[in-house]
A.B. asks: 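Structure provided below as structure tokens; questions to follow.
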Amino acid sequence: MPSPWDRIRDEFPILNQQVNGRPLVYLDNAATTQKPRTVIAALDRFYAQDNANVHRGLHALSMRSTNHYEGARARVAAFINAEAPEEVIFTRGTTESINLVASSWGGANLRKGDVILLTEMEHHSNLVPWQVVAQRTGATLRYLPVTGDEGLLDLSALDRMLTPEVKVFAFTHVSNTLGTINPVAELCARARKVGAVTVIDAAQSIGHMPIDVRAIGCDFLAFSGHKMASVTGIGALYGRRALLDAMPPYQVGGGMISRVDFFESLWKPSPERFEAGTPNFADAVALGASCDFLDSLGRQRIREHDGRLARAAYERLAQLPGIRLIGPAGERGGLVSFAFKSVHAHDVVTFADEDGIALRGGHHCNQPLMKRLGLTSTVRASFYVYNEEREIDALVASMQRTLAFFGLEA
Amino acid sequence: MPSPWDRIRDEFPILNQQVNGRPLVYLDNAATTQKPRTVIAALDRFYAQDNANVHRGLHALSMRSTNHYEGARARVAAFINAEAPEEVIFTRGTTESINLVASSWGGANLRKGDVILLTEMEHHSNLVPWQVVAQRTGATLRYLPVTGDEGLLDLSALDRMLTPEVKVFAFTHVSNTLGTINPVAELCARARKVGAVTVIDAAQSIGHMPIDVRAIGCDFLAFSGHKMASVTGIGALYGRRALLDAMPPYQVGGGMISRVDFFESLWKPSPERFEAGTPNFADAVALGASCDFLDSLGRQRIREHDGRLARAAYERLAQLPGIRLIGPAGERGGLVSFAFKSVHAHDVVTFADEDGIALRGGHHCNQPLMKRLGLTSTVRASFYVYNEEREIDALVASMQRTLAFFGLEA
Amino acid sequence: MSAELSDLYQNVILDHNRRPRNRGRIPSANRSAHGDNPSCGDQCDVFLRLDGDRIAEISFEGSGCAISQASASLMTTQLKGKTAAEAEKLYGQFHEIVTTGKEPEDMSDLGAFAGVHAFPARIKCATLSWHAALNALRGDPVPATTESHLD
Amino acid sequence: MSAELSDLYQNVILDHNRRPRNRGRIPSANRSAHGDNPSCGDQCDVFLRLDGDRIAEISFEGSGCAISQASASLMTTQLKGKTAAEAEKLYGQFHEIVTTGKEPEDMSDLGAFAGVHAFPARIKCATLSWHAALNALRGDPVPATTESHLD
Ligand SMILES: Cc1ncc(COP(=O)(O)O)c(C=O)c1O
Ligand SMILES: Cc1ncc(COP(=O)(O)O)c(C=O)c1O
């Protein structure tokens, strides 16, 4: 039987193009992944055949549309092994999911004296929402340190920091700057011992490895569709039902109320309670299609593929003069991040673009981590299912040309 | 020159289908409109050619993607005649736009003793967000009455209600249940006299008539793409720049901060301040394509077309026995809403579906208005650019069959 | 009319919709509960006179579609004289009928609701009054709603 | 190397990037301002000694890409000795160059930045130090940022 891996690049129409006269080498997958034909087609088909507003509709199109939408919810729930579809709330993406938890759960449960434990490697989207709720509730922020360039969480500090005042522990699964894969099941188990609620930022893991929320034992998990071969504008928040049912709504309006009077309203249960207004049902259907696509490739195989490329890139790049690689030298997620002594990340990225290579340079929404490491920016190459070894050759060659231009011959 | 109206139904692939063995008659446009080929194609093309994360990107795809996204913002700004693209914030839709204003502007500006003036015809999405902010700030809600079945705002009560305590006046442009078109420019002018900020819910007008925010003189205007021939998951909030720049952020995270420390953060100006996380840039591009599509038809002509169908339907339906039509008898937006004495709306809709006709039955997220009119539900038929007179014949015939079945021969 | 639609609107249902049985408030009721279907605005109040563990009298009030009105009316005729346990069991059977369309042989008139299963959006209409009745029986103070996870 | 890229990284720019002029903090500075480019993390501090209305001395410190460093360095050589009004005018011309690519004849080395206009995302890199310098001149206490609407 032919494997879907065999002709994988053909599945992604966007890859078949030239940039600045060179074949596109897309290595900006941690920012957003490309979309396979099947996902684009699912969206098309939905708009061309089944589109109608969901819920409350009694006509054929609306019932079909509702079935597709709720089917997508069930598909996403199965993808992460949630207990029930009602534990999946559709959002715009990771950022909105974390805003929802921080505002709704945090607003209702945090008080002065409570501690919100984060880590030093959090993306702004898993950091600023907690700063805001800390200000609002009087809770205090605490940060689990990172060990330095190696980029691991300092687990030796965890017991000291996980005091009974810690009410919530929020951390990333995979760092978008370091590539570190955190031991999420262990972190959840240790948080549970002090009764802290756990929130996992799965933006960088959801599309790259198997995820089982029950095996991990987390309370909430946030992710974005556009980083898992799906479209923009859709993502999800997983939450344990008991927690969700006790939370106040986040956005309010049509579709999430059970009764509205002029002066007060009653809410529906989850997930409706958290999905005010017309949901982004078409993109949710595309998210379901992405789950199918990723499972057809096999998520364990994706993890191995992306990790292998990242380690290969790490080893090849380490040979270059004046380079500083950050993140773990061993096992890592599908990305590498580095800085040159004498060429700024933006110049590197601009020169790479000249070679048709898409890289990202900057602070990657990780300013506090960068400051901690004494950096202002890094270059990041991030891999996905369609990337190949030869693209690492192109990457290394481009870096060599850039160093040569700035007078730092390899 | 051929007009785009000539073959308009061909532009909408979804219309070309049978439902329950009959040609689909889609009259549920107030819930969501269908999408023309050009809009679906714009989305496809974006994913197949230009997709990359926006902002901060220095490679070709990211710059192209950013140009498309910011181009869409400029297109939407021109569509409503905003002064500058920065006055357009992309959101998921009307509901999110109003949540943003109520939470950010309302949270920062309302106090105990202030009054929030709404009208009795507001959709839950322009009602519940104000209830929530009233509870949070101690402000008081007040409602401008509706005149009864005729469904007009009681303007004679306005002067009495627009006291100096009124800090914000939020109202719908077109009622999604009554079809009433409110005199928005006049309402804004009168609100301005007492210094009240105005918020217009344009969900039901944006796709159906010319809208010029400067001629109207409003401070904020909220709308959804999916009700204007565009896709789900995207919409916008227009806000006057001076107001936006003084508002705190709503959601927080990546992309909207200017500097992040472990313990505090600084925000970027509008629109970035209000667009935390990866925005739904692909769907924004589709929204820009819808603006082009609607302008190619001519929005004044759309208004006349939809209004003509609604008035014709009103007159034809008025002949049926035991029918109660609500909303103005004269000029109205593109919808009619009615109830039968002895057949419940849900039964009517189920029978119509049998005839291939998509209608909506229920409270239309207008529970307080329904209660005020002594109704629990109505049947609603709503029209758009692709609807035709013969579809009104089908509608009336279906109503007659239903009445006959329930023993109420016409 | 399609087979599905005529299965949905069977004569039994039309009859109960046109001439609802046990409609109104029983003056001697010692239990009552309110139910609503927030998505469509249907409402239902059920009134009971419990005699020990047995439903001595039962009535309903409310508004909604033909399915919900007929279901409430028919339910009152079926529950009168039953014990709480029997009522719970009957609801289990009724739920099975409306969700699967399978009619057990001995179900008499309740089998008329088998057609509902082809219209999933209408299942809530058929079960609303039952939710209210069971809440009243259980003495549950929270209004019944068809939006609960238990449906 | 493409024409656009060699226009962007002209020799003048590479030279200023490699050997920045007037880098460091002037001990006698009586004005200073901080600027940053939040999207990419570039930072720049500009120090001035104003003598009446005239820039007697000027220096900068900061980190960023070759374009931003070279721009800051070159700027200091151009602004030294200028009055506030002359500095504002010069910035107007510089802004015109980097946004349109049009090089006025008498612009000397500043013309080297004409290539920036083909890389819109880099315009902010070129203007950051200028924003800081003008803020210092104007005595504006708010840190300059390339994210303001005025850019
Ligand atoms: C008048 C009115 N306001 C607000 C909304 C809410 O729009 P959305 O569901 O797209 O957020 C709607 C549509 O449902 C509407 O008709
Ligand atoms: C680790 C991490 N968290 C959160 C986010 C935010 O995701 P989004 O922008 O899709 O909301 C990202 C991606 O930008 C990320 O890499």
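Order of the sequence lines fixes the chain letters, A, B, ..., with proteins taken first and strands second; residue numbering starts at 1 for each chain.
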A.B. asks: State whether a side-chain donor-acceptor pair under 3.5 Å links A/Gln251 with B/Glu96.
C.D. replies: yes
A.B. asks: Pick from A/Ile14, A/Thr33, A/Ile40, A/Val231: which one makes a side-chain contact (heavy atoms from CB on, under 4.5 Å) with B/Asn51?
C.D. replies: A/Ile14
A.B. asks: Counting heavy-atom pairs under 4.5 Å to chain B, which of A/Pro13, A/Gly277, A/Ala48, A/Cys365 comes out on top?
C.D. replies: A/Ala48
A.B. asks: Just by modelled atom types, is the A/Gly254 backbone N or O under 3.5 Å from a matching donor or acceptor in the B/Ser125 side chain?
C.D. replies: yes
A.B. asks: Is the side chain of B/Asn53 donor-acceptor paired with the backbone N or O of A/Ala31 at a distance under 3.5 Å, no angle test?
C.D. replies: yes
A.B. asks: Can the ring centres of A/Tyr47 and B/Phe12 be said to be less than 6.0 Å apart?
C.D. replies: no
A.B. asks: Consider side-chain contact (heavy atoms from CB on, under 4.5 Å). Of B/Val19, B/Thr350, B/Leu359, B/Asp28, which one does A/His59 pass it with?
C.D. replies: B/Asp28
A.B. asks: Can you list the residues that meet the ring pair (Phe, Tyr, Trp, His ring centres under 6.0 Å) rule with B/Phe351, with sequence neighbours excluded?
C.D. replies: B/Phe405, B/Phe406, C/Tyr9
A.B. asks: Between B/Asn280 (side chain) and A/Arg92 (backbone), is there a donor-acceptor pair under 3.5 Å?
C.D. replies: no
A.B. asks: Does any heavy atom of chain A fall under 4.5 Å from the side chain of B/Leu24, the backbone, both, or neither of them?
C.D. replies: side chain
A.B. asks: Below 4.5 Å from any heavy atom of chain A, which atoms of B/Ile257 appear? Answer side chain, backbone, both or neither.
C.D. replies: side chain
A.B. asks: What residues, two or more places apart in sequence or in another chain, satisfy side chain to side chain donor-acceptor pair (under 3.5 Å) together with B/Asn20?
C.D. replies: B/Asp353
A.B. asks: Decide yes or no for B/Phe262 and A/Leu141: does some side-chain heavy atom of the first lie under 4.5 Å from some side-chain heavy atom of the second?
C.D. replies: no
